[in-house]
Amino acid sequence: MENIAGQRSGLNWAVNITVVLMVVIWLVPTVGLFVSSFRDRDQISESGWWKAPLPVDLTFRTRVAADTQREENGSFVIEGNVFTDPAQARWFPDQTGTVSHFGTRGAAPAEFDAGQIVDLRTGGTVTIEADGTYLLRNDEAFERPVTLYFEARTAPRFTTGNYNTVLSADGMDRAFINTLTVAIPATVIPILIAAFAAYALAWMDFVGRGVLIAAVVGLLVVPLQLALVPLLNLHNQIGIGQSFLGIWLAHTGFGLPLAVYLLRNYMVGLPRDIIESARVDGATDFQIFVRIILPLSFPALAAFAIFQFLWTWNDLLVAKVFLPSGSATQVMTVKIADDLLGSRGGDWGILAGAAFVSLAIPLIVFFTMQRYLVRGLLAGAVK
Amino acid sequence: MPPVIQGVITILVGVFGCVAYFYLSNWVLDRVIFPAKGPNPGRNINRANLVRPWLFLFPALFALGLYLAYPVVGSFYRSLFDRAGTEFIGLGNYIDLFNESGFRTAVFNNFLWLLVVPALATSFGLAAAQLTDRLSWGNVAKSLIFMPMAISFVGASLIWKFVYANTADIGLINAVRDLLGADRPVDVIQIPFWNNFFLMFILIWIQTGFAMVILSAALRGIPEETIEAAIIDGAGPFRLFFSIKVPQIMGTIVVVWTTITILVLKVFDIVYTMTGGNFGTHILPSYMMTYMFRDDGRATAVAFVIMIIVLPVMIWNIAQARKELR
């Protein structure tokens, strides 16, 4: 339908622009968090990620010790350079920089332009030049150290520091392994169970088949919330308790309706001739299933495996209920939602890093196996 | 035992256990119980074939029964008891819930979510499917709109928390407001009532790709003669879309709509991560989690209320499935 009649070129423009706009809205938030995860944590809170390649004005604090003062024409003077303060070494390793503004109060750290001479609250005057040299002057001796604030331009800095912190200090490495430990068995186990059941529902004749298929369709929409309390109690009674075994069983149970439904829909569509000629040749149902149905159903099996993997990897609810809450068993979603958002709530670099550690595998799976995912969706929803 | 090794063992036991079960149970059926020899081989083969489907079905039926069917009954039964689970209080938990203003807010918000999220996700999905259909870079666009499907609700919440952040130096929304000359940043998550829509948008953002993929396939499945005929009769692009295409894919639109509706009733992650239910944003799934581990009676009562809301969709789904089978 490339060049159908009635197509207007003006409309083409509108279509292109609308789609661009939509893609931008759908992509930009993720890109923003991704860019932020590589920015320095000081810079994240001072300029938007969309300005990440530009220099950032950061404010710093420096303490001027009173013991370096000298007397000069009857007044006391302290001289020095703000950039030589070891506290600033992280941003100004070569001890040079450009001060744009400075201040004497923490509440207004960039109150004055560089070079201005202003009064100190504790008496005397102060000025900071653009090159960072400061000069404090007072009629009486300075008794206590003076705290000065200044604003200086810093080069944009990209680091993997956030990822290092998240993985080492915040325990995301452990959570990553835990997530993997939950997701893989919970993906593998339901597949075979569901495949046998789907074959029976698709190709074997027995009384009650229609009822069972309807039941599977019904169970497809049962809210998970219903299962939480009774099953946790059951697990506690039979001694599984909150454990990995418990969550594998739970995910297996919860994933089965979709697996059976999806695989049955696919298997029903396989050519009848192949199966019947195998029967005529004396193959048993078990042989037909293993030798013919299973290999032919590979696309549907792959589709379900991807779904189940993404679902178990991304799940928060089941992990919260069926796994103990200690850090030894926390999965990444629980770690982020319960731990990091609480303790590191304002630390965007850490949060962004943690988010991308948890998103990396699903995104790789998504972009490499999108074909199967789409096929699976279509087999499940429209026939 | 470290969980990783435990996991490997579970996979092996699970997979080989399954294979062994199916192989051995078939072997026992064919060789021991109803062998195809002896006095009546024919009768034995028929009987074996009567039993075999149930061998194939048993593990799945057992797991489905235990993990999904039993909880429906089990949860309802538990919701009739008090917090300790010892005293029968009838509908006491439900009555108490309806007297809580928090619960009423959650129900109200939940209906808001049920109205808004499926409607917008399906419309955006339909629009995306139609608009990308003829573009040369349509597949790239589709892939990017589909991408949030792979992202966890927690991850998506973090992504949008960043967009909604309360300063113009972090949050895009406040940055745009700043650009337009607003004095102070706003915390959109704390605006009463409207904050719900900001949370809903996260789920819409995730689900649009799903709707788009399915509706796009449906659009491609429309017989081309109908479209050509409409064009020859002089239908414009909008008329073509709304009067010719949409009616033909109505069935699929309804399926997408109901699937997203069901999902809305399961998702507690977004509210939990974004607000923890504060600022009047609770929905039933998140409200249930406030009682989980504290009061099983109340928690199961909330869960059963969700079940009641799902019920019409479930019945409709089953009716559809039965219609297809005939």
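Treat the numbers as computed from the prediction; the structure is a model and nothing was measured. Both backbone and side-chain heavy atoms feed into the values below; hydrogens, waters and symmetry mates do not.
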Sort out for me which of A/A250, A/A259, A/G32, A/A215 touches chain B most, counting heavy-atom pairs under 4.5 Å. A/A250
Considering only heavy atoms, which portion of B/V163 lies under 4.5 Å from any heavy atom of chain A: side chain, backbone, both, or neither? side chain
Between atom CG of A/L219 and atom CG of B/N317, what is the distance when rounded to the nearest 0.5 Å? 11.5 Å
Verify side-chain contact (heavy atoms from CB on, under 4.5 Å) between A/L226 and B/I306, making sure each step is shown before the conclusion. CA-CA 8 Å; A/L226 276 175; B/I306 300 177; over 6 Å; no
Among A/W313, A/W311, A/W248, the residue with the most heavy-atom pairs under 4.5 Å to chain B is A/W248
Please classify the contact between B/M288 and chain A as side chain, backbone, both or neither, with a heavy-atom cut-off of under 4.5 Å. side chain
With chain B as the partner, which of A/V290, A/L212, A/I306 has the greatest number of non-hydrogen pairs under 4.5 Å? A/L212
Pair up each side-chain donor or acceptor in residues 16-24 of chain A with any protein partner under 3.5 Å, not counting sequence neighbours, and list the distances.
residue, atom, partner, partner atom, Å
A/N16, OD1, B/W137, NE1, 3.1
A/N16, ND2, A/N12, O, 3.4
A/T18, OG1, A/A14, O, 2.5

So what's closer than 4.5 Å to chain A heavy atoms on B/N26: side chain, backbone, both or neither? side chain
Sub-4.5 Å side-chain heavy-atom contact between A/V222 and B/V310: no
For chain B, find which of A/A194, A/A354, A/P257 contributes the most heavy-atom pairs closer than 4.5 angstrom. A/P257
side-chain contact (heavy atoms from CB on, under 4.5 Å) between A/F34 and B/I159: does it pass, once the steps are laid out? CA-CA 9 Å; A/F34 187 65; B/I159 287 173; over 6 Å; no
Of all of B/L64, B/V140, B/V73, which one pairs up most often with chain A through heavy atoms under 4.5 Å apart? B/L64
Against chain A, label B/W160 side chain, backbone, both or neither, depending on which of its atoms sit under 4.5 Å from a heavy atom there. side chain
Check each atom of B/F76 against the heavy atoms of chain A and say whether the ones under 4.5 Å are side chain, backbone, both or neither. neither
What residue in B/P53, B/P59, B/A63, B/G14 has the most heavy-atom pairs under 4.5 Å with chain A? B/P53
Select one option (side chain, backbone, both, neither) describing which atoms of B/M292 are under 4.5 Å from chain A's heavy atoms. side chain
Pick from A/L310, A/L256, A/I189, A/V334: which one has the most heavy-atom pairs with chain B under 4.5 Å? A/L256
A/F286 ring center near B/F22 ring center (under 6.0 Å): no
Measure across B/A150 and A/L363 and return the closest heavy-atom pair with its distance rounded to 0.1 Å. CB-CD2, 4.3 Å
Spacing of A/L192 atom CG and B/C18 atom SG [to the nearest 0.5 Å]: 5.0 Å
Flag side-chain contact, heavy atom, 4.5 Å: B/V154 against A/S358: no
Could you look at B/F304 and say if it's the side chain, the backbone, both or neither that has a heavy atom under 4.5 Å from chain A? both
Quick one: pull up CZ in B/F58 and CZ in A/F196 and give me the separation to the nearest 0.5 Å. 14.5 Å
Which atoms of B/R52 approach chain A - backbone, side chain, both or neither, heavy atom under 4.5 Å: both
Partner of B/K161 under side chain to side chain contact (heavy atoms under 4.5 Å, CB included), chosen from A/L341, A/L351, A/L33: A/L341
Can you tell me how far the CG atom of B/L158 sits from the CZ atom of A/F356, to the nearest 0.5 Å? 10.0 Å
A/F367, CZ: over 12 other non-hydrogen atoms inside 6.0 angstrom: yes
Could you please spell out the steps behind the side-chain contact (heavy atoms from CB on, under 4.5 Å) verdict for B/V302 and A/Q225? CA-CA 9 Å; B/V302 179; A/Q225 277 80 7; over 6 Å; no
To the closest 0.5 Å, what do you measure between CG (B/L66) and OG1 (A/T252)? 11.5 Å
Flag, side chain of B/D269 to backbone of A/L317, donor-acceptor distance under 3.5 Å: no
Quick one: of A/P185, A/A227, A/P362, who has the most non-hydrogen atom pairs under 4.5 Å with chain B? A/P185
Per the side chain to side chain contact (heavy atoms under 4.5 Å, CB included) rule, which among B/T259, B/L265, B/I262 passes with A/V221? B/I262
B/W54 and A/M204: side-chain contact (heavy atoms from CB on, under 4.5 Å), yes or no, with the steps? CA-CA 10 Å; B/W54 301 101; A/M204 290 166 119; over 6 Å; no
Side-chain heavy atoms of B/T300 within contact of A/L228, under 4.5 Å: no
Part of B/T273 lying under 4.5 Å from any heavy atom of chain A: both
Hey, does A/W50 have a side-chain heavy atom less than 4.5 Å from the side chain of B/L172? yes
Engaged part of B/Y77 at the chain A interface, taking heavy atoms whose separation is under 4.5 Å: neither
Checking heavy atoms, do the side chain of A/I191, its backbone, both or neither come under 4.5 Å from chain B? neither
Can you tell me which portion of B/L61 sits under 4.5 Å from chain A's heavy atoms? Options are side chain, backbone, both or neither. side chain
Checking heavy atoms, do the side chain of B/T258, its backbone, both or neither come under 4.5 Å from chain A? neither
Could you check whether atom CZ of B/F293 has more than 12 heavy atoms from other residues, nucleotides or ligands sitting under 6.0 Å from it? yes
Correct closest heavy-atom pair for B/A299 and A/V229 would be CB-CG2, 4.2 Å
Close side-chain approach of B/S152 and A/L316, heavy atoms under 4.5 Å: no
Region of A/H235 that comes under 4.5 Å of a non-hydrogen atom in chain B: side chain
Side-chain (A/E46) to main-chain (B/D169) donor-acceptor, under 3.5 angstrom: no
Close side-chain approach of A/L373 and B/F146, heavy atoms under 4.5 Å: yes
Checking B/P148 against chain A: side chain, backbone, both or neither under 4.5 Å from a heavy atom? side chain
Shortest non-hydrogen contact between A/G253 and B/Y67, atoms and distance: CA-CB, 3.8 Å
Got a donor-acceptor contact below 3.5 angstrom from the A/W49 side chain to the B/I170 backbone? no
Indicate yes or no: at least one non-hydrogen side-chain atom of A/S36 is less than 4.5 angstrom from one of B/F162. yes
Under a 4.5 Å heavy-atom cut-off, does chain B meet the side chain of A/L234, its backbone, both or neither? side chain
Heavy-atom side-chain contact between A/W26 and B/I145 under 4.5 Å: yes
Heavy-atom cut-off 4.5 Å, strictly under: side chain, backbone, both or neither for B/A156 against chain A? neither
Can you tell me how far apart CG (B/L57) and CD1 (A/I193) are? Round to the nearest 0.5 Å. 12.5 Å
